[in-house]
Each structure stands twice: as structure tokens, then as C-alpha cells.
Student: 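I'd like to ask you about the structure that follows.
Values below: all heavy atoms of this structure, side chains included; hydrogens, waters and symmetry mates excluded.
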Amino acid sequence: MSQQIPDLPPPPPAARRPVDVPKTHLFAEFKHERPLTTCRIDPTGRYVFAGAEDFGVYRWEIGGTSEAKTVFAGHESWVRSLDFSLDGQWLYTGGYDDHIGVWRTAASGSDVAPERMVKAHKGWVRWVRVSPGGDLLASCGNDNLIRIWRLPDFQLVHELAGHERYPYAADFHPDGRRLASFDLMGVIKEWDLNSGAELRSFRAEFMWGFDQKFRADMGGARDMVFSPNGATLAVAGLTEVTNAFAGVHKPMILLVDWETGEFRQQFKDEKYNGMAWGVRFHPDGFVMGVGAPQGGNQGKVWFFRPGEEAAFHTLQLSHCGRGLDLNPDARLFAVPQFDGLLRVYRMTDEPARV
Amino acid sequence: MRRDIGCAKVDHWLSRRSLLAGAAAGTSLTAGLTPVQAEQLRSGQKRVLQVYLQGGVSQFESWDPKPGTKFGGPFRSIETSVPGVRICELLPHTAQRMHLLSIVRSINLKTNDHGVGRVFMEKGRKNGAFPYIGSVAAKYLAPANPPLPGYLHITTRGLNDNTAAFLGAKYAQLKLPGADAPENLERPKQLTDEGAVRREELRQRLSQRFAGGRGQPAETEAYESSYEMAERLLAQKAMFKAEPSPAELERYGSHPFARNCILARNLLMNGGTCVKVTHHGYDTHAENFNFHLEQLGEFDKTFCMLLDDLHHAGMLDSTLVMIYSEFGRTPKINQRYGRDHWGASVSVAVGGAGIQPGVVVGATNDEGTEVADREVDAGHLFHTYFQAVGIDSSADHEIAGKSIPIGDPVAAPIEEILA
């Protein structure tokens, strides 16, 4: 079933040709020796960064070689969330060591030290996200708090308390006045950035499960992002938990009508058990999601149009995908994998580079 | 050293009252304790507290952290109250009490199977119909006429293991399904005191006749034991019905494990010999780190409140405390951020009666993939536990004319951890 897509941006400018999704091919591949946890492409499109199951953050030039890897060392735990200043000069990293790292994105040398490490939470920093105006940064912590920091000096602006369980992710509404957050229990909250007040709270209960046998909660957002015009919030995570401790659940990408709070679409791959680890709105009017299976190694990228139940295209990955990011012209996307490969794909019919 | 961090004032009520009473009256330290506690201390009775982390707690995320190494995971290690001993940051309360505990880091169980691992850790042998630690403790540590069944297991679920084996039903575990009072603890309202006595006399006569006529003493003994256990529980029903106070819930927490630990404390303080509390939810094949955050977050403070209460009541010197699982978890972190079953390099923590505190026995290699020093297994642990409470584990059970070694003769106690 197809329906109108009122929230997606207008057709791409003439300067950018639409992508040709079925022609998607591997463009570049970078190798790290440990499993990767996340990735982002910087706003200039020059670099791709990844976190890993070690204490480093790694940078490659998308046009460069796998061997030319720069290590950003300063965290004392894993990093699973990255973001940039609007001009791309600064990289912000959220670490499971309670700290946010501040780094020069284009720092030279093979080993880069942080410009600053900010003690941000009591417990893991699960998420960092820069505001559309570039003046604020939101962080989610295992102290159940969301903190709003003023950039570049990291002055604390608001401490948003209200989630009763770990807030996993957050995103600024494109209007710059509001923030959405999503916690372990599937609770979605909207916050006023002027006052710090909670505006509303509702729950995507189906993105959470209670394992009766082990008496434990399983849920949370693994990625979340607003559509460019702010009409829709997309959340990547899981649903239909049947055995939390064995990872038996289905991946889900939820699309929320942000004004009404209506759950407009619950995208699932019925033949797939596992987790959705990444989601992005593509300016050509479709949504991309990436998943990792419960068993085996068949990671997937789903391409689907809002309102359509099935993906119009699926890309098999060489292993479990753990994130997703688009480059500035939305022709390339990067996926970090469990096998340590960071793969960059191109969604055009141009000749393959790899 | 910050020994009392996390304790409310009530924590010290027992010990302070005891000391003040003793000082004022010039009497023994046992003044101010309940009659049962005072008798326990006077008699030197030993007891056992087992805290079983069901499913296999990760040694990396608990007693043997390897931060910054290939398989170390995201958590850091923290200092403890014992200089030089570091444990995982998920156990901050336990770290402050490390001077009351010791760690064995070099256990190789040579199995990755839940059932085999559980039986090995409980019986000290992988095979054969041998009794569990709790049943052995019930037989040899309980007084002649104990106020409670000798082996009480508080668990919200679990298998109905034959824990007593050849020791007989009298020493089998009695499972308590959480902190709620066992079902049917109340005598029927229409039954008078006199009627209850007459009913019991009739039951005993029937049992004697059945045993004499059919020659099935073991079967009759099982029934007799069930009635005895029920009677003992009935006499203690007030303990089950008492709601924890707000102060207790503030200290221990309000989750089921907290309530179970409050009950465990009450059982030990009222004549329990071996009390086992199971904390479920460590079989983390997926999301190992998120689940250990949750599970050990629940375990850490709650367990420490229980430890404090035993310590401050003067009972820790006579109570063996064990924290253990059926195995550990793999060094390798799988694609679901999980760790799988692993028996090759496992840790346990132990403390209290007969245990030298603040000791670390053995070591794993840098990446935690194998034991590097002083390899032991569950047979050694079994001997160690019983030597610690004064039972010669190299002696024999004498059962119907047969001599059966208490501990596996191929294993021996871990001497360096014994006080």
C-alpha cells in the first residue's frame, strides 16, 4: 500500500542527481582489527569515523586507503556515538567512560589526542547529538539524564530528568526548539529547549519486551533521527522480544508522526531476527535502515518508502551492520560492521572503485 | 577504606546495641541478640550463605576485569578496600567491602554446559549422585533440633534437583518461591490446638505402621521430613509475614532480589543453617553489557547490605559466604554484544567463616582466555568451603554401613584462602 509522503523534503536540487538504489555498489572498504560499534561521515564528506570495541575512534579519508588510519585516543571505554559541529571542524564522541571527547576533525598525524574530555554523566554516555543551529549538544547518560550543553564551551544549559530508565538516544527537532528522546522502555519524550520542561511523553511499547524467564527489560533506540522538515521521527531498534538473553527479536524501524504522536509505520523484515542499528531519511524520499541478525552474519540494508510495507530494495552486507550514515550529497553511505570492516557504498551506476 | 559507605544508621543498630548492652551490664557480646542468634554465637554454630548468580555471571564484568584488552569489554576496573585488588566498576559497593571477601580467579570447570556446571559447583563432582553443598551443610552444621529446615533455597524459579542424594530427604533443599510466605502455611481455621495435636499423633502412628509393614524407611522418612519442615516453617510464620520496613527497603532496594536477601538475612538470624539465594538473569548471549549493568546493579548494593547486616551482627565469622555461578562467560564478544558459556577461566568470591579475607587466589592470562596460575576446579572449591566451616572434607559420609568421601578425593582445599 502506498500513500502520500507529506513530510519528506522537496525533490533534490538539479545540482544533485537522484540516486539509483538498485545500482548500489561497494565504493570503499576500511579494515579495523576489532568489531566496529558506530560510524559517521563528517559534514565535508572527506572523512569517515568509526567507534570500535576498544577505546579508540578511527578516521579514514573516504578517498584514501584502509592503511591510512588515524587513531583518536583518549577515551577509557568504547565509543558508540559520534557527531560534528556544523562546520565540521569539531568531532564530539560519547564514551562509555562517562565522558564526551572533543577533537579536531581534521587533526594531522596518525595519533590524535582530544582537545578536551568532558565528564558528562555518571555512567555511560550513550548518545551525543549537535543541534541544527550548532550551538547546543545533547547527551544521554546512564544516570537517566539528558544534558544539554552549550557549545563550544560545554556550559550546562539544561538537565532533563524524567526518563525512569536509560535514555538511549535523542535528536533535536529541526525547528531547534525541541528535543525528542527514547529510553529502554520505549518511552518517547519531547522537551522544550528554552525552559527544559517536558512537553509530552508517550510510549512505543512494542519496541520493548520483558523477558519473563530472566525478568529483564529489553528495548531502546539504537538510532533515531528527524526527517529534514521535522514531520517524522524515525527510530531504529527492536520488537517482538521472545528471548532477550539470546537476542531473539525482530528489527524495527518506527516512523512517528511528530505532531500527532501517531505511530505511522512499523517497518519490519518478517523473515529476519535481529536488531536495527541505523536509520536515515534519504532526500530522494525513502528511508534506509541497517540491521544485524540474531544468528549468522547476514547484515542487511533496507530501502523502503514511507507507507509501503515492504522494502523496495535490500542490500546484503558481508557481516552484521551496526550503524549507518550518509555523506553530504547523499550518494554514499557508510556501514560499520561486526567483522571490523567499515564499508562505504555508492548508490549510483558509476563504475565501482573497489 | 570506606567500610560503611551506603549503610543507613539502622545498619549498626544490632552491633551498637550489643556493644552498649554488653558494656553496661558487663555481660557477654551476645546480649541484645535474639535468643536464636545468641545461641548460635554461643554454640559456635557455623552456617552458609550461597548467592547463586544463575546463568553464568561474566568474570570480566565482576571479579576478573581486563579493561583495555582485546576481550575486556567496555567496563573499567575500580580500586577496592584491599590495596592492589581491583574488580569491575559494576560492583562499587562490593569493592568497598573487599576486605571481607576473597576471590578465586583460576577456576577451570572444563564444561560450558549449564547443567554440568551447576552440578559441579554444587557437588564438587561432575558425575554421580552426591549431595549438594547445602545438603551437606544441613547434615553436619545444623544443631540437633534446628528451628528451621537445614537447607533453604530462595528462588523465583529453578530446577527440582535431588540435592540430598544418599543423605536422605531430611537434608534436601526446601525451595521458597521468593519472599512471600509459602502457601498453606496457616493451619486450617476450623482445626483447634487439641485437634492439631491429635492429627499429628495419628499421622505419626500411620507413618510408623507404614514403615514397619512395608519396609520402606526412605519413603517414610521423606514424608516425615516434609512434615518436620512444614512444622518448623509454621513456627516461623511471623518471619515470612513481616513486611520489610521502609528503612530496610531503602537500604536493600524494593526489587524481588532485595526482598529475597532480606528474607535470607532473617532466616540466617533465626536459625537457618544453609540459605541459598538465587539471582536470575546472567545467561547473556545478547546485550551482555546492558544486562550486566542491570543485574549487577541490582546485586551489588543489595548483597552488600546483607553482608553488612551479618557482619554487624557478629555473624560473619561464623557464616561462610559464597558468590558463584555455574560457569563464566566467553572472552569473545559475539555479534549481539553478548558473551556465551565459558568454563575455562571462571571466578568466584567467598568470605566469612574460615576464609582469609582480602586474598586473591590464582590468575588468568592477560586476555582472560585461560588460567595462568594455580588452576583449580569446583572439587577444590567444595573442599575449601567445608574446611572453612570446620568440616573435614577428606572424611567420609557414613551411610548405611558405607563410607563415601565427603569431597572428591582427587581434589583438595585451596589452603591459601583458608584462615
Student: Tell me, yes or no, whether the heavy-atom count around A:Lys122 atom NZ, taken from other residues, nucleotides or ligands under 6.0 Å, exceeds 12.
Tutor: no
Student: Heavy-atom distances under 4.5 Å only: say whether A:Phe245 touches chain B with side chain, backbone, both or neither.
Tutor: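 Both backbone and side chain of A:Phe245 come within 4.5 Å of chain B.
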Student: Could you look at B:Asn334 and say if it's the side chain, the backbone, both or neither that has a heavy atom under 4.5 Å from chain A?
Tutor: backbone
Student: Below 4.5 Å, heavy-atom pairs only: which of B:Gly68, B:Gly55, B:Gly73 has the largest tally toward chain A?
Tutor: B:Gly73
Student: Of the non-hydrogen atoms in B:Pro256 and A:Arg215, which two are nearest, and what is the gap between them?
Tutor: CG-NH2, 4.4 Å
Student: Considering non-hydrogen atoms only, spot the tightest contact between B:Gln335 and A:Gly296 and give its length.
Tutor: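 Heavy-atom minimum between the residues: NE2-O, 2.6 Å.
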Student: Using non-hydrogen atoms only, which part of A:Phe55 is less than 4.5 Å away from chain B: side chain, backbone, both, or neither?
Tutor: side chain
Student: Please classify the contact of A:His319 with chain B as side chain, backbone, both or neither, using a heavy-atom distance under 4.5 Å.
Tutor: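 Just its side chain gets close to chain B.
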Student: Which answer fits A:Gln337, side chain, backbone, both or neither, if we ask what part of it has an atom under 4.5 Å from a heavy atom of chain B?
Tutor: neither
Student: Do you know which of A:Trp78, A:Tyr96, A:Phe338, A:Tyr166 has the most heavy-atom pairs under 4.5 Å to chain B?
Tutor: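 Most heavy-atom pairs within the cutoff with chain B belong to A:Trp78.
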Student: May I ask you to say whether A:Asp98 pairs ionically with B:Arg76, meaning some side-chain N is under 4.0 Å from a carboxylate O?
Tutor: yes
Student: Pick one of side chain, backbone, both or neither for B:Tyr337, based on which atoms fall under 4.5 Å of a heavy atom in chain A.
Tutor: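 Backbone plus side chain of B:Tyr337, per the 4.5 Å heavy-atom cut-off to chain A.
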Student: Which atoms of A:Asp217 come close to chain B, meaning under 4.5 Å heavy atom to heavy atom: side chain ones, backbone ones, both, or neither?
Tutor: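 The answer is the backbone of A:Asp217.
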Student: Begin with the C-alpha distance, continue with both residues' side-chain angles, and end with the deciding distance and a verdict on side-chain contact (heavy atoms from CB on, under 4.5 Å) for B:Phe291 and A:Met218.
Tutor: CA-CA 9 Å; B:Phe291 284 130; A:Met218 179 76 165; 3.7 Å; yes
Student: Might you work through the side-chain contact (heavy atoms from CB on, under 4.5 Å) test for A:Arg126 and B:Asn290, ending with a clear yes or no?
Tutor: CA-CA 11 Å; A:Arg126 288 183 181 265; B:Asn290 277 320; 2.6 Å; yes
Student: Are more than 12 heavy atoms from other residues, nucleotides or ligands located less than 6.0 Å from atom CD of A:Glu240?
Tutor: yes
Student: For B:Glu287, is it the side chain, the backbone, both, or neither that has a heavy atom closer than 4.5 Å to a heavy atom of chain A?
Tutor: side chain
Student: Is the number of heavy atoms from other residues, nucleotides or ligands within 6.0 Å of CD (B:Glu79) greater than 12?
Tutor: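 Counting neighbours around CD of B:Glu79, 12 or fewer heavy atoms of other residues, nucleotides or ligands fall under 6.0 Å, so no.
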Student: With a 4.5 Å cut-off on heavy-atom pairs, point out which of A:Arg80, A:Glu33, A:Lys213, A:His75 contacts chain B the most.
Tutor: A:Lys213
Student: Is atom CG of B:Asp366 surrounded by more than 12 heavy atoms (other residues, nucleotides or ligands) closer than 6.0 Å?
Tutor: no
Student: Checking ring-ring contact (aromatic ring centres under 6.0 Å, His included) for the pair B:Phe75/A:Trp124: CA distance, chi angles, key distance, verdict?
Tutor: CA-CA 9 Å; B:Phe75 295 113; A:Trp124 290 1; 5.4 Å; yes
Student: Determine the minimum heavy-atom distance between A:Ala246 and B:Ala286, stating which atoms define it.
Tutor: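 A:Ala246 and B:Ala286 have their closest heavy atoms at C-CB, 3.8 Å.
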Student: If we ignore hydrogens and angles and just use 3.5 Å, is the side chain of B:Arg336 paired with the main-chain N or O of A:Gly247 as donor and acceptor?
Tutor: no
Student: Inspect the contact between B:Glu294 and A:Arg165 and indicate whether a charged nitrogen and a carboxylate oxygen are less than 4.0 angstrom apart.
Tutor: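 B:Glu294 and A:Arg165: salt-bridged.
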Student: Let's test your reading of the structure: which of A:Pro293, A:Gly274, A:Pro35 forms the most heavy-atom pairs below 4.5 Å with chain B?
Tutor: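 Between A:Pro293, A:Gly274, A:Pro35, the count favours A:Pro293.
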